[in-house]
Amino acid sequence: MGFEKTRILAVANQKGGVGKTTTAINLGTALAAVGRNVLVIDFDAQGNASTGLGITRPERQMTSYDIVVDATPLEEAILETLVPRLHIVPGDENLAGVEMELADDPRRSYRLRDAVRSYANRAAESGLTQYDYILIDCPPSLSSLTINAMTAAHSLLVPLQCEFLALEGLSQLLRTVEVVRNGLNPELDIQGVVLTMYDRRNNLSDQVADEVRAVLGTKVYNTVIPRNVRLSEAPSFGKPALLYDYRCPGSEAYIRLASELLQRERSRR
Ligand code: ATP
Ligand code: MG
């Protein structure tokens, strides 16, 4: 049984543009760089994680859409990336139709979980990669895709942008987690909250960071991701920032986040 080996984290926040995809790509890269086998599942119709990891449109033959709608085996959609040990299940605009297509299926929320578990259980026997981490890059909504991700995941990683009203919307996210926990996935918890786009020249960033820490305490990672233009340039080159410029402050922050995450995971066990 391979499933116990794999930790599945949903990178989720229904707010748009808070750094979910940037976190999935660069945290995934940093974890792969220290020897972990990592799979990113692009679960957003925008396909930003796929683009950011250099997967062209023609390469997206099979996507996470096929996984959840047609029960295509995970390995048929998995692609390698430029980063050794970092693989991806790409996403594309078909994902926008998932809500409608699964509307009549009473087990619709379990689609991703079933796919990931059956993969993990087969992996050990059939020589497929056994992933240490699966990071699910969620869309900016609490749609059936996000519910699928929360049902499949052990835990949630929540990026919060250091901006006015950062905590707005978080209570809605936490209520959704509660609903999922009460039915679909009793074990779901919050792995951590990561502050993104921190601007040290802006007092507001500090105020927001303090407020978030006061409310969420130790769930908040010590590592803060700075606002860094290199992080936003890298995707247009189809590369993680860690390959584009591994010494920029954004890359360094994601490397620290990965080591803090691994430490947190060790003390959890
Ligand atoms: P969506 O909700 O649309 O999926 P998201 O939560 O995945 O968005 P990203 O796509 O990661 O957010 O980031 C939104 C934009 O901000 C992107 O253009 C990205 O390149 C940029 N960005 C993300 N993090 C940073 C950062 N720390 N510094 C500067 N720019 C950033
Ligand atoms: Mg995104």
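When reading the values below, keep in mind they use all heavy atoms of this one structure, side chains included, and skip hydrogens, waters and symmetry mates. Since the model is a prediction, treat every value here as computed from it, not as a measurement. Numbering starts at 1 and runs along the sequence shown.
- Relative ring orientation between Y244 and F237 is described as parallel, the plane-to-plane angle staying below 30° on a 0-90° scale split at 30° and 60°.
- The pair D105-R111 meets the salt-bridge criterion, with a side-chain N (NZ, NE, NH1 or NH2) lying under 4.0 Å from an Asp/Glu carboxylate O.
- Looking at S141, its side chain never comes within 3.5 Å of a backbone N or O of Q14 through a donor-acceptor pair.
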Tell me, with the steps shown, if R57 and E93 meet salt bridge (charged side-chain N to carboxylate O under 4.0 Å, His left out). CA-CA 11 Å; R57 299 264 156 194; E93 53 283 346; 2.8 Å; yes
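- Taking all atoms of both residues into account, the shortest heavy-atom contact from G19 to T23 is O-OG1, 2.7 Å.
- At least one donor-acceptor pair under 3.5 Å links the side chain of T176 to the backbone N or O of Q172.
- Ion pair E178/R175 not flagged as a salt bridge, since none of the NZ, NE, NH1 or NH2 atoms sits closer than 4.0 Å to an Asp/Glu carboxylate oxygen.
- Environment of CD in E59: crowded, with over 12 heavy atoms of neighbouring residues, nucleotides or ligands closer than 6.0 Å.
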Given N222 and R213, is the side chain to side chain contact (heavy atoms under 4.5 Å, CB included) satisfied, shown in steps? CA-CA 10 Å; N222 291 326; R213 288 185 196 285; 4.3 Å; yes
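- Under a 3.5 Å cut-off, the side chain of T63 and the backbone N or O of D92 do not form any donor-acceptor pair.
- Two residues are said to be in side-chain contact when any heavy atoms from C-beta on lie closer than 4.5 Å; V158 and L173 meet this criterion.
- Cluster annotation: Y246 is not connected to L257 through the hydrophobic network of ILVMFWY side chains, with a link wherever side-chain heavy atoms come within less than 4.5 Å.
- Taking OG of S155 as the reference point, atom CE of M150 lies at 11.0 Å (rounded to 0.5 Å).
- Linking ILVMFWY residues whenever their side-chain heavy atoms come closer than 4.5 Å, directly or via other members, places L242 and V194 in the same cluster.
- In this structure, P73 and I67 approach most closely via the heavy-atom pair O-CD1, 3.9 Å.
- Inter-residue side-chain proximity for M62 and P90 is flagged as unmet; no heavy-atom pair is nearer than 4.5 Å.
- There is a side-chain donor-acceptor pair under 3.5 Å between Y65 and E101.
- Checked options Q191, E260, R256; the residue passing with Y221 is Q191 (criterion: side chain to side chain donor-acceptor pair (under 3.5 Å)).
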Does the pair L145 and L112 meet the rule for a side chain to side chain contact (heavy atoms under 4.5 Å, CB included), with working shown? CA-CA 9 Å; L145 286 172; L112 184 63; over 6 Å; no
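- Atom CG in L262 sits 5.5 Å away from atom CG in L31 (nearest 0.5 Å).
- Looking only at distances, a side-chain donor or acceptor of E99 sits under 3.5 Å from a matching main-chain atom of S144.
- Counting all heavy atoms, side chain and backbone alike, G250 lies closest to N228 at N-OD1, 2.7 Å.
- Under the 4.5 Å side-chain criterion, counting only non-hydrogen atoms from C-beta, L243 is in contact with P240.
- The same ILVMFWY cluster, assembled from side-chain heavy atoms under 4.5 Å apart, contains both L174 and V220.
- Counting heavy atoms from C-beta on, the side chains of R122 and E75 come closer than 4.5 Å.
- For the 3.5 Å distance criterion, the side chains of N37 and T129 fail to qualify, holding no donor opposite an acceptor.
- The same ILVMFWY cluster, assembled from side-chain heavy atoms under 4.5 Å apart, contains both F43 and V116.
- With rounding to the nearest 0.5 angstrom, the CD1 atom of I41 is 7.5 Å from the CD1 atom of I8.
- Sparse packing is recorded around CZ of R200, with 12 or fewer heavy atoms of other residues, nucleotides or ligands lying under 6.0 Å away.
- Judged by distance alone, the side chains of S50 and D42 do bring a donor and an acceptor atom under 3.5 Å apart.
- The two atoms that bring R264 and S267 nearest to each other are O-OG, 3.1 Å, heavy atoms only.
- Side chains of T196 and C162 form no contact here, defined as non-hydrogen atoms less than 4.5 Å apart.
- The pair E168-K15 fails the salt-bridge criterion, with no side-chain N (NZ, NE, NH1 or NH2) lying under 4.0 Å from an Asp/Glu carboxylate O.
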After noting the C-alpha distance and the side-chain angles of V89 and L39, does the key distance pass the side chain to side chain contact (heavy atoms under 4.5 Å, CB included) rule? CA-CA 7 Å; V89 171; L39 178 67; 4.1 Å; yes
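- Counting only heavy atoms from C-beta outward, the side chains of E163 and V208 never approach each other to under 4.5 Å.
- In the hydrophobic cluster analysis, where Ile, Leu, Val, Met, Phe, Trp and Tyr join through side-chain heavy atoms closer than 4.5 angstrom, L261 is grouped apart from I190.
- Contact record, V40 with L86: CG2-CD1, 3.9 Å, taken as the closest heavy-atom pair.
- One N or O on the side chain of N185 and one on the backbone of T151 form a donor-acceptor pair closer than 3.5 Å.
- Counting heavy atoms from C-beta outward, V98 and V69 have side chains that approach closer than 4.5 Å.
- Between G47 and R60, the shortest heavy-atom contact is O-NH1, 3.8 Å.
- Between the NZ atom of K239 and the CG atom of L82 there is a distance of 7.0 Å, given to the nearest 0.5 Å.
- Using a 4.5 Å cut-off on side-chain heavy atoms (C-beta onward), P140 and N13 make no contact.
- Separating the CD1 atom in I136 from the CG atom in L156 is a distance of 9.0 Å, to the nearest 0.5 Å.
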Let me see the working for I225 and L231 under side chain to side chain contact (heavy atoms under 4.5 Å, CB included), right down to the final yes or no. CA-CA 10 Å; I225 310 300; L231 287 176; 3.8 Å; yes
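- Between atom CG of residue L102 and atom CD1 of residue I147 there is a gap of 13.0 Å, rounded to the nearest 0.5 Å.
- Side-chain contact annotation: N148 with S109, donor-acceptor N/O pair under 3.5 Å absent.
- Geometrically, R113 does not engage Y110 in a cation-pi contact defined by less than 6.0 Å to the ring centre and at most 45° from the axis.
- Under 4.0 Å is where a charged nitrogen must lie from a carboxylate oxygen, and between E265 and R7 at least one such pair does.
- Remark: side-chain polar atoms of R230 are not paired, donor with acceptor, to backbone N or O of C248 under 3.5 angstrom.
- Put simply, the side chain of T6 never gets that close to the backbone of D132: no donor and acceptor are under 3.5 Å apart.
- Neither side chain, T22 nor Y254, offers a donor N or O lying under 3.5 Å from an acceptor on the other.
- Judged purely by atom type and a 3.5 angstrom limit, R85 uses its side chain to pair as donor or acceptor with the backbone of A32.
- The pair D199-R227 does not meet the salt-bridge criterion, since no charged nitrogen lies less than 4.0 angstrom from a carboxylate oxygen.
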